[in-house]
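Worksheet: one structure, shown below.
In this text, all values refer to a predicted model and were calculated from it rather than measured experimentally.
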2 protein chains.
Amino acid sequence: MSAQKVDRPTFHEGGHEHQGCIEAALARAEVVCRERGARLTPLRRRVLELVWRSHRAVKAYDLLAALGDEEGAAKPPTVYRTLEFLMDMGLVHRIDSLNAFIGCPQPDRRHSAQFLICGGCGEVSEMSAASIDRAVADQATGSGFALSRQIIELHGKCPQCAALPQSS
Amino acid sequence: MSAQKVDRPTFHEGGHEHQGCIEAALARAEVVCRERGARLTPLRRRVLELVWRSHRAVKAYDLLAALGDEEGAAKPPTVYRTLEFLMDMGLVHRIDSLNAFIGCPQPDRRHSAQFLICGGCGEVSEMSAASIDRAVADQATGSGFALSRQIIELHGKCPQCAALPQSS
DNA sequence: TGAGAGATGATATAGTGTAACGTGGATGTC
DNA sequence: GACATCCACGTTACACTATATCATCTCTCA
């Protein structure tokens with residue numbers, strides 16, 4: 001049902017009913033928060049919903065603007081705090097190379113993540129490739145390095161955008 | 001002679017004479033620029049030297065401050081332009097997760113890079129692991145994704161810092 | 001009912017990065 | 001030599017990203 005599978009990264013998922021993605025994400029969030037004794041307040045829920053409006057990474061100040069439109073001009077700390085909470089819950093990830101945020105399609109499962117970021121359409125697809133994890137872990141521990149967090153962001157073109165003529 | 005080998009990432013390279021790292025980096029830069037018909041101006045040379053003052057990633061505004069101390073208050077665009085040039089030449093890399101820059105130990109060789117970033121001492125070690133490249137490339141192309149740039153930044157503790165007691 | 005914890009509001013400011021235009025020096029051409 | 005051109009650098013102004021700090025509100029629970 002989820003439009004964003006992790007085993008096989010997808011882009012422009014064929015005419016999918018995106019509302020379903022949003023609802024599924026919110027439902028997962030309810031579960032995750034309940035399990036962890038955290039409160040999914042209206043604000044947090046609303047921000048998560050805004051993050052999930054697309055499969056592109058969203059900037060904090062765009063969220064800010066979207067919130068401002070509706071509930072009396074939110075301020076930066078509000079958004080950043082909310083994003084921090086959502087990240088703690090594993091509900092969103094930060095894409096460092098974009099200074100932006102993306103919803104996590106499987107917050108319920110412990111996983112490492114790698115991101116495919118299309119420079120054409122802007123869509124971001126999360127994957128969790130064991131082969132990459134293994135290579136990274138081997139390389140790190142082989143150097144005596146104690147790995148705590150891996151940032152893997154792969155820029156390029158998704159299949160659809162790569163097929164376009166004027167890619168240059 | 002280079003204090004920063006790529007095949008085997010290193011940290012706190014045993015009491016090394018760091019001046020040698022700097023000089024080697026500048027010498028490599030001369031070669032790279034000459035080969036590519038680019039001008040390693042005094043400013044560019046000076047910025048590269050400042051980047052190489054340590055094996056930690058350096059922030060743009062720290063460079064700005066260092067330059068300001070000496071040659072009449074440089075302005076942000078000056079530093080960013082210079083860094084962009086150095087990146088184009090492959091002489092420095094940007095570490096996105098730190099908003100900071102690090103000298104490249106082998107600008108003369110085409111290579112992909114992965115970075116080990118120690119949260120203890122702040123040192124950054126570049127490596128170029130074929131196994132990681134392979135895993136990433138396989139995964140990307142397997143999804144029909146046309147990879148153009150990979151960002152791999154691994155945070156953790158270097159062997160020396162991991163061995164300290166209060167790591168927590 | 002009152003204390004404490006957690007969530008949000010509000011103000012101010014710090015940190016990061018770029019657009020746009022001006023200046024000056026090197027180089028090549030006539 | 002005079003001029004055109006390109007490139008590096010200077011300068012101003014501003015946009016974007018993020019956080020510190022303190023105030024307020026609300027829920028829970030003793």
Proximity to the side chain of A:Lys59 - top-ranked nucleotide from C:dA10, D:dT17, D:dT12: D:dT17

Nucleotide nearest A:Pro76 (side chain, heavy atoms from C-beta), chosen from D:dT19, D:dT17, C:dT18: D:dT19

Heavy-atom neighbours of B:Glu84 CD exceed 12 at 6.0 Å: no

Neighbour count above 12 (heavy atom, 6.0 Å) for A:Arg94 CZ: yes

Can you measure [X] atom [atom1] to [N] atom [atom2] for me and round it to whole angstrom units?
X: A:Asp62; N: D:dC16; atom1: CG; atom2: P; answer: 9 Å
X: A:Tyr61; N: D:dT19; atom1: OH; atom2: P; answer: 10 Å
X: A:Leu40; N: C:dG6; atom1: CG; atom2: P; answer: 17 Å
X: A:Leu63; N: D:dA18; atom1: CG; atom2: P; answer: 11 Å
X: A:Lys75; N: D:dA23; atom1: NZ; atom2: P; answer: 17 Å
X: A:Leu64; N: D:dT17; atom1: CG; atom2: P; answer: 11 Å
X: A:Leu83; N: D:dA18; atom1: CG; atom2: P; answer: 9 Å

Partners meeting side chain to side chain contact (heavy atoms under 4.5 Å, CB included) with B:Pro159 (sequence neighbours left out): B:Phe11

B:Asp96 with B:Arg149: basic N within carboxylate O range, under 4.0 Å: yes

Side chain proximity check, B:Cys33 to B:Arg39, heavy atoms < 4.5 angstrom: no

is_close_aromatic(B:His12, B:His55), centroid dist under 6.0 Å: no

Aromatic ring proximity, centroids under 6.0 angstrom, B:His93 and B:Phe115: yes

Pairs under 3.5 angstrom, nitrogen or oxygen only, protein versus nucleotides 7-9 of chain D, please.
residue	atom	partner	partner atom	Å
D:dA8	OP1	B:Arg44	NH1	3.1
D:dA8	OP1	B:Arg44	NH2	3.4
D:dA8	O5'	B:Arg44	NH2	3.3
D:dC9	OP1	B:Thr41	OG1	2.4
D:dC9	OP2	B:Arg44	NE	3.4

Presence of donor-acceptor pair under 3.5 Å, side chain of B:Tyr80 and base of C:dA19: no

Phosphate contact (C:dG17 OP1 or OP2) by B:Arg94 side-chain N/O below 4.0 Å: yes

